[in-house]
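What follows is a single structure, written as structure tokens, with notes after it.
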Protein chains: 2
Amino acid sequence: MEHRLDRIKKELHAKSYKLTPQREATVRVLLEREEDHLSAEDVYLLVKEKAPEIGLATVYRTLELLTELNIVDKINFGDGVSRYDLRKEGAKHSHHHLVCTDCGSVEEIIEDLLDDVEKIVAKEWGFLVKDHRLTFHGICKNCQEKDNEERSE
Amino acid sequence: MEHRLDRIKKELHAKSYKLTPQREATVRVLLEREEDHLSAEDVYLLVKEKAPEIGLATVYRTLELLTELNIVDKINFGDGVSRYDLRKEGAKHSHHHLVCTDCGSVEEIIEDLLDDVEKIVAKEWGFLVKDHRLTFHGICKNCQEKDNEERSE
DNA sequence: TACTAAATAATAATAATTATAACTTAATAA
DNA sequence: TTATTAAGTTATAATTATTATTATTTAGTA
């Protein structure tokens, strides 16, 4: 965790941004809650526990900055809010998501399943892919099992 | 065009929704501007030309309804607005998009490139895919060519 | 034609995000 | 070190997108 914080620190410095205490607190929250998909508001409330004097606008600015540097991905699952998702260290691309329309859970797929598709897009459309966003909507394993149980009762 | 409008009319009736003149005007705008990716505001302004008395909230409600019926897809390219995209007739899935980060253009890919990926997701994660959203961010053909010209000058 | 649930217009309200201004802190140069 | 400048911050105002409310109208139907 400290290691990854250091890396992010260096990335900021490389672009001559400072790692202020507020920014550090924000990054720490993101690292601690890596498996979640926090909204700006969520992040704000969690950061406030570490640094109660922080303002909401600062959190927004920090998340914006981290998005620009590709440290986090700003994603949107269709509800009104943007969510911020830490990118795996060294990953070139945003990872994929499985959103269950039944229970609302979000699973992550870290492996990149789109290599072949990107090749097709490059070849057929002449498009130079820099990043992608892939989300599947459907029914997760758990909900399917629940459905089956209910039906057999 | 009339044919597709009729189909949509029937789909509404099948779920016992009424086809009001406002809804018809909204659907007409979507059909006419199928290649675009209009925001609710855009749709509102265009519908107003046909039906000046329409209210913004009605457009929102209509788009919401059409989204529910899978007649349009509500998509989000990362700017603050939701955009509404008519689904091809009979298509089960949302189509894919190529967003150019240079000029902002949006191309559509109608073919479904994710069959194989969906099979993997079903097998490995036990996830029952109902729909997907796939967007590539990168540089479009045009912008790449422009870049090359500039560099060789 | 009259009825009734559904739909609408015209706001008002809310939620998410961004901009502004005054102040603080940190970095840099003399 | 001190003076100067730039970057970052808080607090708050403003904006933008969207949703809720309420009184009124209308589409589909008996």
Side-chain angles (χ1 to χ4, degrees), chain A residues 8-9 11-29 37-69 72-85, chain B residues 5-6 8-29 37-69 71-85:
Chain A
I8 291 169
K9 204 184 222 169
E11 282 199 64
L12 282 167
H13 282 149
K15 300 252 164 81
S16 64
Y17 292 111
K18 298 168 190 170
L19 185 74
T20 63
Q22 291 88 343
R23 285 177 183 169
E24 182 173 330
T26 306
V27 170
R28 277 184 189 280
V29 164
H37 298 84
L38 304 170
S39 67
E41 185 79 24
D42 294 337
V43 174
Y44 172 63
L45 292 173
L46 290 165
V47 176
K48 250 183 136 37
E49 292 172 12
K50 291 181 198 300
E53 77 295 345
I54 201 170
L56 178 58
T58 300
V59 171
Y60 269 103
R61 268 189 307 254
T62 303
L63 291 171
E64 202 52 45
L65 177 63
L66 294 173
T67 303
E68 239 169 66
L69 299 179
V72 306
D73 290 305
K74 187 175 177 179
I75 48 176
N76 197 298
F77 292 131
D79 53 349
V81 246
S82 297
R83 296 176 181 282
Y84 297 86
D85 205 2
Chain B
L5 188 67
D6 264 8
I8 292 170
K9 214 180 230 173
K10 270 175 200 141
E11 282 199 62
L12 282 168
H13 280 149
K15 300 255 165 79
S16 64
Y17 291 110
K18 297 171 187 171
L19 186 74
T20 63
Q22 292 88 340
R23 284 178 182 167
E24 182 173 332
T26 305
V27 170
R28 275 183 190 281
V29 163
H37 298 83
L38 304 170
S39 67
E41 186 80 25
D42 295 337
V43 174
Y44 172 63
L45 293 173
L46 289 165
V47 176
K48 250 184 136 41
E49 292 172 13
K50 292 183 199 296
E53 76 297 343
I54 200 170
L56 178 57
T58 300
V59 171
Y60 269 102
R61 267 187 307 251
T62 303
L63 292 171
E64 201 52 45
L65 177 63
L66 295 172
T67 303
E68 238 170 67
L69 299 178
I71 294 166
V72 306
D73 289 304
K74 188 175 178 180
I75 48 174
N76 196 299
F77 292 132
D79 53 348
V81 246
S82 297
R83 295 175 182 283
Y84 298 86
D85 205 3

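Chain letters run A, B, ... following the sequence lines, proteins first and then strands; every chain starts at 1. Keep in mind that this is a model prediction, so the values were computed, not measured.
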Next item on the list: Measure the distance from NZ on A:Lys15 to P on D:dG8 and round it to the nearest whole Å.
Entry: 14 Å
Next item on the list: Assign A:Lys18 to base, sugar-phosphate, or nothing according to its heavy-atom contacts below 4.0 angstrom with the strands shown.
Entry: sugar-phosphate
Note to self: What's A:Thr58 touching, base or sugar-phosphate or nothing? Going by heavy atoms closer than 4.0 Å.
What the structure shows: base
Notebook entry, point to check: Taking only N and O in the side chain of B:Thr20, is any of them less than 4.0 Å away from OP1 or OP2 of C:dT8?
Noted result: yes
Checklist line | From D:dT10, C:dA7, C:dA9, nucleotide with atom closest to A:Ile54 side chain | finding: D:dT10
Anything under 3.5 Å between a protein N or O and an N or O of nucleotides 16-20 of chain C, put it in a table, one pair a line.
from   : atom 1 : to      : atom 2 : distance (Å)
C:dT17 : OP1    : A:Ser82 : N      : 3.3
C:dT17 : OP1    : A:Ser82 : OG     : 3.1
C:dT17 : OP2    : A:Tyr60 : OH     : 2.5
C:dT17 : O5'    : A:Tyr60 : OH     : 3.4

Check: Please give, in whole Å, the distance from D:dA7 C1' to A:Leu19 CG?
Finding: 14 Å
Check: When you check the side-chain N and O atoms of A:Arg61 and A:Thr58, is any donor under 3.5 Å from an acceptor?
Finding: yes
Notebook entry, point to check: Do you know which two heavy atoms are closest between B:Ala40 and B:Val59, and how far apart they sit?
Noted result: O-CG1, 3.9 Å
Note to self: If you assign each of B:His13 and A:Val59 to its closest nucleotide in DNA chain D, which residue comes earlier from the 5' end?
What the structure shows: A:Val59
Margin query: Under 4.0 Å between a side-chain nitrogen and a carboxylate oxygen: does that hold for A:Lys9 and A:Glu24?
Written below: no
Check: Distance-only, no hydrogens or angles: does the A:Arg83 side chain make a donor-acceptor pair with backbone N or O of A:Phe77 under 3.5 Å?
Finding: no
